[in-house]
Amino acid sequence: MQDLQRHITSRQELEQLIERYFDGLTTVEEEAALRACLARCPWHSESIEDAQVVMGYFAALGKYQRHSAARTTRQRIAGIAASIVVVLSVAVFALWHQWQPMDECVAYVNGQAISNDREVMALVENDLSSIGNASQGMTAQLSSVGEALELDNE
């Protein structure tokens with residue numbers, strides 16, 4: 001590598017190496033020499049400055065990835081702990097729910113509790129019937145809209 005750095009003696013040679021780098025034709029040794037040369041480069045041109053930006057970005061990215069690996073481990077541990085809390089919460093809720101009496105049926109109508117099973121079931125039937133009637137009405141309306149659209153297309 002040191003021999004290669006000594007061979008970069010002109011701006012033109014450096015720019016040719018940069019061009020080969022961006023074409024993906026450099027060896028590992030040439031890339032290392034290019035990085036070293038760009039770090040303390042005496043020449044200036046648009047391609048040299050572009051390469052310095054790209055090489056600097058990748059150098060900074062490498063440092064960031066090493067730093068973020070430790071953060072990622074902490075995030076994984078925190079995620080596992082949060083998952084355990086969620087699972088335990090669901091389990092406690094499920095167990096609590098099992099201990100509650102299941103033979104009670106309550107409906108609230110206009111702020112009043114109705115606990116008679118037959119009255120509650122009658123309310124549910126009435127609501128389901130209303131929903132069924134409404135869906136039939138909507139189906140009829142959609143059908144007539146569809147027929148109108150078909151007439152317009154003819």
Side-chain angles (χ1 to χ4, degrees), residues 1-102 104-111 123-124 127-154:
M1 182 174 85
Q2 297 230 345
D3 294 335
L4 186 58
Q5 286 180 12
R6 280 188 242 144
H7 287 111
I8 303 175
T9 57
S10 70
R11 189 184 82 185
Q12 289 79 18
E13 288 180 69
L14 178 59
E15 288 176 343
Q16 288 174 352
L17 186 58
I18 290 170
E19 186 176 329
R20 290 186 56 233
Y21 170 78
F22 284 118
D23 289 339
L25 302 174
T26 54
T27 64
V28 174
E29 292 81 18
E30 288 174 325
E31 185 178 333
L34 178 60
R35 286 181 192 278
C37 183
L38 288 173
R40 49 181 165 28
C41 183
W43 305 293
H44 298 284
S45 73
E46 188 175 339
S47 64
I48 291 172
E49 289 171 6
D50 288 346
Q52 286 172 325
V53 169
V54 169
M55 295 286 191
Y57 169 78
F58 286 128
L61 180 64
K63 290 178 186 174
Y64 170 77
Q65 286 175 336
R66 285 190 298 273
H67 175 69
S68 67
R71 188 173 354 130
T72 302
T73 302
R74 282 183 259 139
Q75 287 174 340
R76 283 187 191 140
I77 291 170
I80 291 169
S83 298
I84 291 170
V85 168
V86 168
V87 168
L88 288 175
S89 298
V90 168
V92 167
F93 176 76
L95 289 173
W96 174 79
H97 193 292
Q98 283 182 342
W99 294 328
Q100 296 302 312
M102 294 295 194
E104 201 173 317
C105 185
V106 179
Y108 290 91
V109 178
N110 296 326
L123 288 170
V124 169
D127 287 347
L128 289 175
S129 176
S130 297
I131 291 170
N133 292 337
S135 75
Q136 288 175 355
M138 288 177 62
T139 303
Q141 288 177 351
L142 288 174
S143 177
S144 64
V145 169
E147 289 172 5
L149 288 174
E150 287 178 11
L151 289 176
D152 284 346
N153 288 333
E154 290 178 356

By side chain to side chain contact (heavy atoms under 4.5 Å, CB included) - contacts of [X] (at least two apart):
{"X": "Ile84", "result": "Ile80, Leu88"}
{"X": "Glu49", "result": "His44, Gln52"}
{"X": "Ser45", "result": "Arg11, Glu15, Ser47, Ile48"}
{"X": "Val87", "result": "none"}

Task: Trp43 to Thr9 - nearest heavy-atom pair and separation - done: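 Distance-wise, the nearest heavy atoms are CZ2-O, 3.5 Å.
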Open item on the list: Is there a side-chain contact between Leu128 and Val124 in this structure, where contact means two heavy atoms from C-beta onward sitting under 4.5 Å apart?
Closed with: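 Answer yes - side chains close enough.
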Open item on the list: I want to check something: taking the side chain as every heavy atom from C-beta on, are Ile8 and Leu34 in contact at a cut-off of under 4.5 Å?
Closed with: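 SC-SC contact between Ile8 and Leu34 ruled out.
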Open item on the list: Among Asp23, Leu38, Thr26, which residue satisfies the side-chain contact (heavy atoms from CB on, under 4.5 Å) criterion with Ile18?
Closed with: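 One option only clears the test, and that one is Leu38.
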Open item on the list: Is it the case that atom CD in Glu13 sees more than 12 heavy atoms from other parts of the structure closer than 6.0 Å?
Closed with: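 Atom CD in Glu13 is crowded, with more than 12 foreign heavy atoms closer than 6.0 Å.
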Task: Atom pair CZ/CD of Arg35 and Glu31 - distance to nearest 0.5 Å - done: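 The CD atom of Glu31 is 4.5 Å from CZ of Arg35, to the nearest 0.5 Å.
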Task: Any donor-acceptor N/O pair, Glu30 side chain to Thr27 backbone, under 3.5 Å - done: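 Such a contact is found between Glu30 side chain and Thr27 backbone.
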